There are 4 protein chains.
Amino acid sequence: MQSKTRMIGRDGPSFIEVARRAQIVECAIETIASLGYAQASLNQIAERAGISKSVISYHFAGKDELIDQVLEDVSAAGAALMWPRVQAEETSAGMLRAYIQSHMDFMRTHPRHVAAVSEILLHNRTQFDDGQATPLEERLREGQRDGEFRAFSPRVMAWSIRAALDEVARRFVANPGLGLDDCARELTTLFDLATNRSAAAETQVAHDRSRDCP
Amino acid sequence: MQSKTRMIGRDGPSFIEVARRAQIVECAIETIASLGYAQASLNQIAERAGISKSVISYHFAGKDELIDQVLEDVSAAGAALMWPRVQAEETSAGMLRAYIQSHMDFMRTHPRHVAAVSEILLHNRTQFDDGQATPLEERLREGQRDGEFRAFSPRVMAWSIRAALDEVARRFVANPGLGLDDCARELTTLFDLATNRSAAAETQVAHDRSRDCP
Amino acid sequence: MQSKTRMIGRDGPSFIEVARRAQIVECAIETIASLGYAQASLNQIAERAGISKSVISYHFAGKDELIDQVLEDVSAAGAALMWPRVQAEETSAGMLRAYIQSHMDFMRTHPRHVAAVSEILLHNRTQFDDGQATPLEERLREGQRDGEFRAFSPRVMAWSIRAALDEVARRFVANPGLGLDDCARELTTLFDLATNRSAAAETQVAHDRSRDCP
Amino acid sequence: MQSKTRMIGRDGPSFIEVARRAQIVECAIETIASLGYAQASLNQIAERAGISKSVISYHFAGKDELIDQVLEDVSAAGAALMWPRVQAEETSAGMLRAYIQSHMDFMRTHPRHVAAVSEILLHNRTQFDDGQATPLEERLREGQRDGEFRAFSPRVMAWSIRAALDEVARRFVANPGLGLDDCARELTTLFDLATNRSAAAETQVAHDRSRDCP
DNA sequence: GATGAATGAGTCTTCATTCAT
DNA sequence: TATGAATGAAGACTCATTCAT
């Protein structure tokens, strides 16, 4: 709808309005995941939706609003799936595993959603707010305070985790035959080893030994 | 394209041809790193090079060939810096550390090159050759055969390593104040722990214990 | 168009029909005066009216009819205010003064109406009916026949008067602080001098003198 | 030319560049004068020029620059024609007559130019710099200081003069049969009478008389 | 009567590419 | 070799209009 005065009345957006927006958002996701962010023009999106290009302009103020809606919808859905499972864990290591595992599960059920968001975030790196910590980073930091995680930079670790997950997401979209279960197991183990205290200690010993007698 | 016609002459590309192509590639790198892939039009590149836009079309079959050349040149430069240092190591763990470390060193000395390639790969993720193993993956596999690395999927591990390195690269470009030394140390430790055999064993024990008495 | 169909009923347009049309016309005036003709889309007009855009299409055959109605309504209102005062004058000079003065008064009481019409005429200067004389022109001609006005082209004089009034209207809309009383006095004097017989004679003398001994 | 770096070297714009720009500016004038500002799209302009729409984008940074160029070119041409003739006059009244007369002469030789500028100025009334005095206003004020002109608001008078001239310009474009000589004579007389001191005095007398015995 | 929804034509702009010189 | 000039396709966006409900 073009007017921004969108009924201050009681009803809010109509059913069909909601449905259309959802459909367009879905098609945008589909398109971005398939063609990449750069190739995902309104034309392409409209074509996939089987609608005229201007229908998008009717339901969204502009491409930006559409993209924002994609981010919002997918993030909300992802968070709804993931955080309960993360919070249900008692240990920090468990939480990290749950984070990765649920991320992969979400990816399995919504592969193109994850890929699309990944594409969007990668291309809109304006808001690279290096200043602010992500929830994941916070959780890692907490795990360190608890003494469960070894000493590492939570920021770099969070970057690495997200980068690995996003990479898998894109690979999965390009190649749906990819075994997500295997990937999940690999990544949980990888970052388990990378974060837990005892492994670090042991490796430190190994390092020391290797330095002692080269 | 014209260059092919030129190639059939007896002496290959002339000196000036080579120089021009190199100059253009450099300017392309500069432009992409500065403005991002999307804003790096031939116009912008030509402007930075102080040449006419059509010079690019003259020396390259099209924008695609230019971009490919950028990838090729930077990859070659990177490989030339990195692989000697990697090969000089005797242990697989050392090689992995050298891989990460030299990658960061290359990033420090050629930040814009790395940024440009990163941008390009991000936008042209069409050709996801999942079939073929990268050199890094091969090295990881070798480390497993040697018994130095634990059992993991070399492919997923390679993906994770590259993803982490590229992420740091992008962060570094966006924020040159980023401490590359710290990142290098973080990542080498991270993937050291993630790959080495003893850490895995120890962690496995820890896991078992945690399963025994929850 | 639908309204024609409706008209063939026995009682003409219903009360609600008339009211709606009037409301829409008012909002159109408001919008055009505020945003300018170019920015006054049906969307904007409907928004200000608090109605749906298609209501306009329902009550008017198209934007053109709406615009025509605006012109008609404002002209009628203006004429209703002005002509009685003009006709009340006995001399032609008095009539001209009354014309200008009442025009400015109308401008003061209906600034946005005048501005809207001004905008519309500016953008739709297709139908320049140069053939037909305006009422103002007729009055000027009459003043000449009475011997009260000097000899001049009533057409060009009428153009000049209207142009000056419209110019002041636009200035007033752009800058409501403009002193309309001052403008009214200036313009009445200006065109008084420009039309009256005695001033012309005197000036003619001056001209002749200046030609005699340059 | 798209690049803004336009050769800092010695040559400046090439001959063909200058010619093309001039041609496009002429066609823009033609189009605006014929269709009105609102209908003068780049498409229309390009069509009249017999060139592709993007040629305009090549030679001008955007529509704005084209419009600005139109204003600049026409203003320069007009000023070059008018001001020498205006300055050549010794009396203020002579200058005003020369201003109007030369304006009409320019209109005769460049009718569409004048009409186009008039259209542009009317539509871009953003810069309605009511604060700043135009050269014409300054001249009028000077004439008052000299004691040659009666007391009037130079601003309102300048508005009226320009409005009348622009009105005639538009009428002339719409109807080329219009007798410009007659118009020129009419307007010079009109504003002569409206400004000169003696006419005002005489009229004042008439006014007084009419007030005495109405 | 009224309206949300949809649409196609049209706006300006950017860009890679081609061509004659 | 080099380049100024030109072009067509595609980009996002606006808008008056139409239609089913």
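In this text, all values refer to a predicted model and were calculated from it rather than measured experimentally. By convention in this document, chain letters (A, B, ...) are assigned in the order of the sequence lines, proteins followed by strands, and residues within each chain are numbered from 1.
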Undergrad: With no angle test and no hydrogens, is the base of E:dG8 tied to the side chain of A:Ser54 by a donor-acceptor pair under 3.5 Å?
TA: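 Such a pair is found, so the answer is yes.
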Undergrad: Are any of the side-chain heavy atoms of A:Arg48 and A:Ser34 separated by less than 4.5 Å?
TA: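 SC-SC contact between A:Arg48 and A:Ser34 confirmed.
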Undergrad: If I take atom NZ from residue A:Lys63 and atom CG from residue A:Asp68, how far apart are they, to the nearest 0.5 angstrom?
TA: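 Between atom NZ of A:Lys63 and atom CG of A:Asp68 there are 12.0 Å.
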Undergrad: Report the distance from atom CZ of B:Phe60 to atom P of F:dT1, rounded to the nearest whole Å.
TA: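 Atom-to-atom, B:Phe60 to F:dT1, this comes out as 14 Å.
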Undergrad: Are B:Val25 and B:Val74 side-chain neighbours, meaning at least one heavy-atom pair lies under 4.5 Å?
TA: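 With C-beta onward as the side chain, the pair stays apart.
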Undergrad: Please state whether the phosphate of F:dG11, meaning OP1 or OP2, lies under 4.0 angstrom from any side-chain nitrogen or oxygen of A:Asn43.
TA: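 Yes, A:Asn43 has a side-chain N/O under 4.0 Å of OP1/OP2 on F:dG11.
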Undergrad: Can you tell me if the side-chain N/O atoms of D:Arg20 get under 4.0 Å from OP1 or OP2 in F:dA6?
TA: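 Yes, D:Arg20 has a side-chain N/O under 4.0 Å of OP1/OP2 on F:dA6.
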Undergrad: Among E:dT3, E:dG1, F:dA16, which nucleotide sits nearest the side chain of C:Ile51?
TA: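 Of all the options, the side chain of C:Ile51 is nearest to E:dT3.
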Undergrad: What is the distance, rounded to the nearest whole Å, between atom NZ of D:Lys53 and atom P of F:dA10?
TA: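 Going from D:Lys53 (NZ) to F:dA10 (P), I get 13 Å.
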Undergrad: Let me know, please, whether D:Val55 or C:Ala38 comes out on the 5' side of the other along DNA chain F by nearest nucleotide.
TA: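 Upstream on the strand: D:Val55.
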Undergrad: Please tell me which of C:Asp64 and B:Gly50 maps to the more 5' nucleotide of DNA chain F, matching each residue to the nucleotide holding its nearest heavy atom.
TA: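 Looking at the nearest nucleotide for each, B:Gly50 comes out on the 5' side.
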Undergrad: Round to the nearest Å and state the distance from C:Glu47 atom CD to F:dT14 atom P.
TA: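 After rounding, the gap between these two atoms is 13 Å.
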Undergrad: Starting at CD1 of B:Ile24 and ending at C1' of F:dA2, how long is that distance when rounded to a whole Å?
TA: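 The answer, rounded to whole Å, is 11 Å.
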Undergrad: Please say which of A:Glu30, A:Glu26, A:Glu119 ends up in a salt bridge (charged side-chain N to carboxylate O under 4.0 Å, His left out) with A:Arg112.
TA: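 Single pass found, and it is A:Glu30.
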Undergrad: Between B:Leu42 and D:Gly62, which is nearer to the 5' end of DNA chain E once each is assigned its nearest nucleotide?
TA: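 Per heavy-atom nearest nucleotide, the more 5' residue is D:Gly62.
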Undergrad: Taking atom C1' of E:dG8 as reference, at what distance in whole Å does atom CD1 of A:Ile56 sit?
TA: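 Result: 15 Å.
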Undergrad: Less than 4.0 angstrom between a side-chain N/O of D:His59 and OP1 or OP2 of F:dG4, yes or no?
TA: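 Answer is no, no contact under 4.0 Å.
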Undergrad: Under 3.5 Å, is there an N or O donor on one side and an acceptor on the other linking the side chain of B:Lys63 and the base of E:dT17?
TA: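 Answer no: no donor N or O sits under 3.5 Å from an acceptor.
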Undergrad: Please pick, from E:dA2, F:dA12, F:dT3, the nucleotide with the shortest atom-to-atom distance to any side-chain atom of C:Tyr58.
TA: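 Taking heavy atoms from C-beta onward, the closest nucleotide is E:dA2.
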Undergrad: E:dG10 P sits how many Å from D:Leu35 CG, rounded?
TA: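 Checked: the CG to P distance equals 14 Å.
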Undergrad: Go through E:dT13, E:dT18, F:dA12 for me and flag the one nearest to the A:Ser41 side chain.
TA: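 Nearest to the side-chain atoms of A:Ser41, counting from C-beta on, is F:dA12.
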Undergrad: Taking the side chain of A:Ile16 as its heavy atoms from C-beta onward, which of E:dA5, E:dG8, F:dG4 lies nearest to it?
TA: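 Closest of the options to the side chain of A:Ile16: E:dA5.
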Undergrad: Hey, which sits more toward the 5' end of DNA chain E by its nearest nucleotide, B:Gln44 or D:Gln44?
TA: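 The 5'-side residue here is D:Gln44.
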Undergrad: Closer than 3.5 angstrom, by distance alone: can the side chain of D:Arg21 be matched with the main-chain N or O of D:His59 as a donor-acceptor pair?
TA: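 Yes; judged by distance alone, with no hydrogens or angles, the pair exists.
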Undergrad: Please state how far atom CD in A:Glu17 lies from atom P in E:dA6, giving the value in whole angstrom units.
TA: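 Atom CD in A:Glu17 sits about 8 Å away from atom P in E:dA6.
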Undergrad: Dot-bracket notation for DNA chain E is requested: 5' to 3', Watson-Crick or G-U wobble pairs only, both distances under 3.5 Å, with ( ), [ ], | and . as defined.
TA: .||||||||||||||||||||
Undergrad: Using distance only, find each side-chain donor-acceptor pair of residues 37-45 of chain A under 3.5 Å and give its atom names and separation, not counting sequence neighbours.
TA:
residue	atom	partner	partner atom	Å
A:Tyr37	OH	A:Asn124	OD1	3.4
A:Ser41	OG	A:Asn43	N	3.4
A:Ser41	OG	A:Gln44	N	3.2

Undergrad: Return the value, rounded to whole Å, for the distance between atom CD of A:Gln23 and atom C1' of E:dA6.
TA: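 About 12 Å, once rounded to whole Å.
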Undergrad: Is any side-chain heavy atom of A:Leu121 closer than 4.5 Å to one of A:Asp166?
TA: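 The answer is no; the side chains never approach within 4.5 Å.
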Undergrad: Is the shortest heavy-atom distance from the side chain of D:His123 to the side chain of C:His123 under 4.5 Å?
TA: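 Answer yes - side chains close enough.
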